[in-house]
Structure formats: C-alpha cells, structure tokens
Enquirer: 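Dropping the structure in here first, questions after.
The analysis underlying the following values was restricted to heavy atoms, covering all of them including side chains, and did not include hydrogens, waters or symmetry mates. Within every chain, numbering begins at 1; the chains are lettered A, B, ... in the order of the sequence lines, protein sequences first and strands thereafter.
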2 protein chains.
Amino acid sequence: MQISSRFTIAIHILACIDTFKNDYKVTSDFLAGSVNVNPVVIRRLLQQLKAAGIINVTRGSGGAEIAKPLSEITMLDIYKAVDSIENGELFHFHENPNKECPVGRNMHNVLDSKLEQVQRAMENEMGSITIQEIVEETKSFIQKEL
Amino acid sequence: MQISSRFTIAIHILACIDTFKNDYKVTSDFLAGSVNVNPVVIRRLLQQLKAAGIINVTRGSGGAEIAKPLSEITMLDIYKAVDSIENGELFHFHENPNKECPVGRNMHNVLDSKLEQVQRAMENEMGSITIQEIVEETKSFIQKEL
DNA sequence: CATAGATGTAACAACAAGAGTTACAACAAG
DNA sequence: CTTGTTGTAACTCTTGTTGTTACATCTATG
C-alpha cells in the first residue's frame, strides 16, 4: 500500500505557512482551503507537527508558524512526525512463518537486515531534501506563472 | 501504510522453492506450510511471479520452479511482480489541491520530482540485492543451527 | 468580562485494501 | 477415470485512512 497522504499534506501545509506568513493569519481553515480537505484533518496534522517541534500552533487566537529554520527541516523529519508508516517499519512482514521449517524459521534473520538497508536508503534520501528547497521551488513556480 | 506482506511472502516462497527443489515437490500447500498462510494466498502470488517470468508453475501435476538464475532476480523484480504498491507510486498524493491557491496549484509540480527521487533511491537499493544472496544467507543460517 | 473566532479532540461513519477462507472448475499424469 | 494440483471467483473479516459533526477549551479584544 501507499504511504499515507498525511505526508504530502504536511509538506503542503508547511509550504503554505511559510508562503503566507506575512499576509494572512494561517489557520486550519485557511490551510484546509488550500489543501482542499476538512479542517480537522489539518488540525490533526498540525498537532503531529507541533509534537515533533516543527511548528507552533497558537490556541485561542489561532494561527500556525514554523518553529525553526526551513533549512533545518527535512522531508524525513516530516515523514516521521506524521507517522507515515506503522511503528517505523516500511515493510510488512508476514507474522508467523513456520518454526518447523528451516527456511521459515530463518526468514527474519535473513531479511531484516536487507529490508532495513532498503528502508535506510529511502530515509537517507528524504533526509537530504529540505523544506527550504521545496519552498524555494514553489516560489519559483509561482513566479513563472506571471 | 506499510508495503504489503505479499512482498516478503514472495521472497520467502522463492527461498523455499530453491532450498527444497531437490527433495520435495514444491506445491502451494507445501509453501503454505512454511509461510503459514492459506494456500490460496500462495497461489495468487505464484501467479504474479509467473506472470513476471520469475517462476514456472505446472498446472495439474503441480509444483513450482524458478525460471532463471537466482543471480538475475533482484528484490526489485519481486517487488514489482507482486504489486507491492498501487500503480507504482509509493506516495499517496492528496487529490485535489485548490487551484485558486498559488501553493495548492503548484504542489504537484514541486513534489513530484522529489518524491520520485526518494522512490528511486529505494528501488535502486532493492535492485542491488539478489535472491541469490538471500538464498545463500538462508543456507548459511541453516548451517549455523547444526 | 463576555464574546467571537480559534484550536484540541472525541466519536463515529464511509471507504478501500489486505488478507483469509470456501468452493469449484480445469487440468495432467498415472 | 481417479487423484492431486492449479487457477480463480466470491465472499468475509479486519484494519487503516480519510471525512465529518460536535463540542469543550482557550485567547485576544472590544
């Protein structure tokens, strides 16, 4: 199955917060408008991003802001913040291979390290892409429209 | 969400077919015994692996065999064969960002290439791991047990 | 200090994919 | 023709995602 859209929505959210920070109060309703989903979906994500120390959300008066330099936030940080996959394991292992079978009882031993290696390759790549890049590219695309 | 267990089961299946090819007729029931799932789950996977040219399955009399050298089968081949993710896209993009919003209407432009880059990193890593390695390592683990 | 406009969160419904199971037709080989 | 398989349809069960309503809580401000 695919990685939850929470991940791409979260990136979208951050791009919006930064882009509109000077011109609008960036509320969950505002963000919901840009992403085109229910505000509650946004609020849930804001909570996860906040818990990860990526943003601050002001209760009561409203609005979200980014908590640290964009260059210090990577796609990996967001990916982890929003629980894109269950308990950090990208691959779903079939639970109970037969312990009576020599192959069955050794599958985990053999595969765990390989799967981890693959997952790490993906996460490393994510770690190399910052939100700053994404925001800058977004701005350049917006420029081109004019 | 996680990548379907079809993937790890398929690897398990190949390891079994190779390991037991001289001593047993490797039927879907036999495999189901080692993996510990319903034989139909196995047969469905065998069909997908067969369609990808990785194995041959003999109808009627029964049994599966691997169709090409183990060193020419990578984790990536299996991953693709069993449709581990929907239509080849690892990331689920939220469908309808607001076209009225400059950020919303450019999100795809910006993210598509980044997400592809991440996915490719993962797939490249998968492509570098062969079933031969996996089978050899399995055998070495079985040796160690004695 | 009451209120307007937010957030925080619970609860639940709708939906989709994964995975398990039963059942049975098609087939191959003795 | 019988036996043991494969191939596949049809269904259920379960789980995670996503959408939605509802409401308590909070904060700035008039």
Enquirer: Please check if B:Ile42 and B:Val40 belong to a single hydrophobic cluster, counting links between Ile, Leu, Val, Met, Phe, Trp and Tyr side chain heavy atoms closer than 4.5 Å.
Expert: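 B:Ile42 and B:Val40: separate clusters.
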
Enquirer: Could you tell me how far apart A:Arg43 (CZ) and D:dC23 (C1') are, to the nearest whole angstrom?
Expert: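 To the nearest whole Å, that distance equals 11 Å.
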
Enquirer: If you measure from CD1 on B:Ile85 to CD on A:Gln2, what distance do you get to the nearest 0.5 Å?
Expert: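 With rounding to 0.5 Å, CD1 (B:Ile85) is 7.0 Å from CD (A:Gln2).
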
Enquirer: Using the 3.5 Å cut-off, write out each protein N or O paired with an N or O of nucleotides 16-21 of chain D and the distance between them.
Expert:
unit_1: D:dT17; atom_1: OP1; unit_2: A:Arg6; atom_2: NH2; d: 3.2
unit_1: D:dT18; atom_1: OP1; unit_2: A:Ser5; atom_2: N; d: 3.2
unit_1: D:dT18; atom_1: OP1; unit_2: A:Ser5; atom_2: OG; d: 2.6
unit_1: D:dT18; atom_1: OP1; unit_2: B:His92; atom_2: ND1; d: 3.2
unit_1: D:dT18; atom_1: OP2; unit_2: A:Ser4; atom_2: OG; d: 2.6
unit_1: D:dG19; atom_1: N7; unit_2: A:Arg44; atom_2: NH2; d: 3.0
unit_1: D:dT20; atom_1: O4; unit_2: A:Arg44; atom_2: NH1; d: 3.3

Enquirer: Nearest whole Å is fine: how far is D:dT25 P from A:Arg59 CZ?
Expert: 9 Å

Enquirer: Could you check how far CD of A:Glu95 sits from C1' of D:dT15, rounded to whole Å?
Expert: 13 Å

Enquirer: How many angstroms lie between CE in A:Met126 and CD1 in A:Ile78, if you round to the nearest 0.5 Å?
Expert: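 Spacing of CE (A:Met126) from CD1 (A:Ile78) equals 9.5 Å.
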
Enquirer: Using a heavy-atom cut-off of under 4.0 Å over every strand shown, decide if A:Gly60 touches base, sugar-phosphate, or nothing.
Expert: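 Base, at least one base atom sits under 4.0 Å.
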
Enquirer: Judged by modelled atom types alone, do B:His94 and A:Ser5 share a side-chain donor-acceptor pair under 3.5 Å?
Expert: no

Enquirer: Rounded to whole angstrom units, what separation is found between the CD1 atom of B:Ile55 and the P atom of D:dT6?
Expert: 10 Å

Enquirer: Following the transitive rule for hydrophobic clusters with a side-chain heavy-atom cut-off under 4.5 Å over Ile, Leu, Val, Met, Phe, Trp and Tyr, establish whether B:Ile129 and B:Ile66 coincide in one cluster.
Expert: yes

Enquirer: Quick check on D:dG7: is either OP1 or OP2 less than 4.0 Å from any side-chain nitrogen or oxygen of B:Lys50?
Expert: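 Result: yes.
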
Enquirer: Working to the nearest 0.5 angstrom, can you tell me the gap between A:Ile73 CD1 and A:Gln132 CD?
Expert: 10.0 Å

Enquirer: Could you check which nucleotide pairs with D:dT6 in any of the strands shown, counting Watson-Crick or G-U wobble with both distances under 3.5 Å?
Expert: C:dA25

Enquirer: Going hydrophobic residue to hydrophobic residue with side-chain gaps under 4.5 angstrom, can you get from B:Met1 over to A:Ile11?
Expert: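 Cluster IDs for B:Met1 and A:Ile11 differ.
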
Enquirer: Which one of B:Lys114, B:Arg120, B:Gln117 satisfies the side chain to side chain donor-acceptor pair (under 3.5 Å) criterion with A:Glu125?
Expert: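 The residue from B:Lys114, B:Arg120, B:Gln117 that satisfies side chain to side chain donor-acceptor pair (under 3.5 Å) with A:Glu125 turns out to be B:Gln117.
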
Enquirer: With a strict under 4.0 Å distance from non-hydrogen atoms of chain B, what nucleotide opens and what nucleotide closes the contacted stretch of DNA chain C, reading 5' to 3'?
Expert: C:dA17 to C:dA29

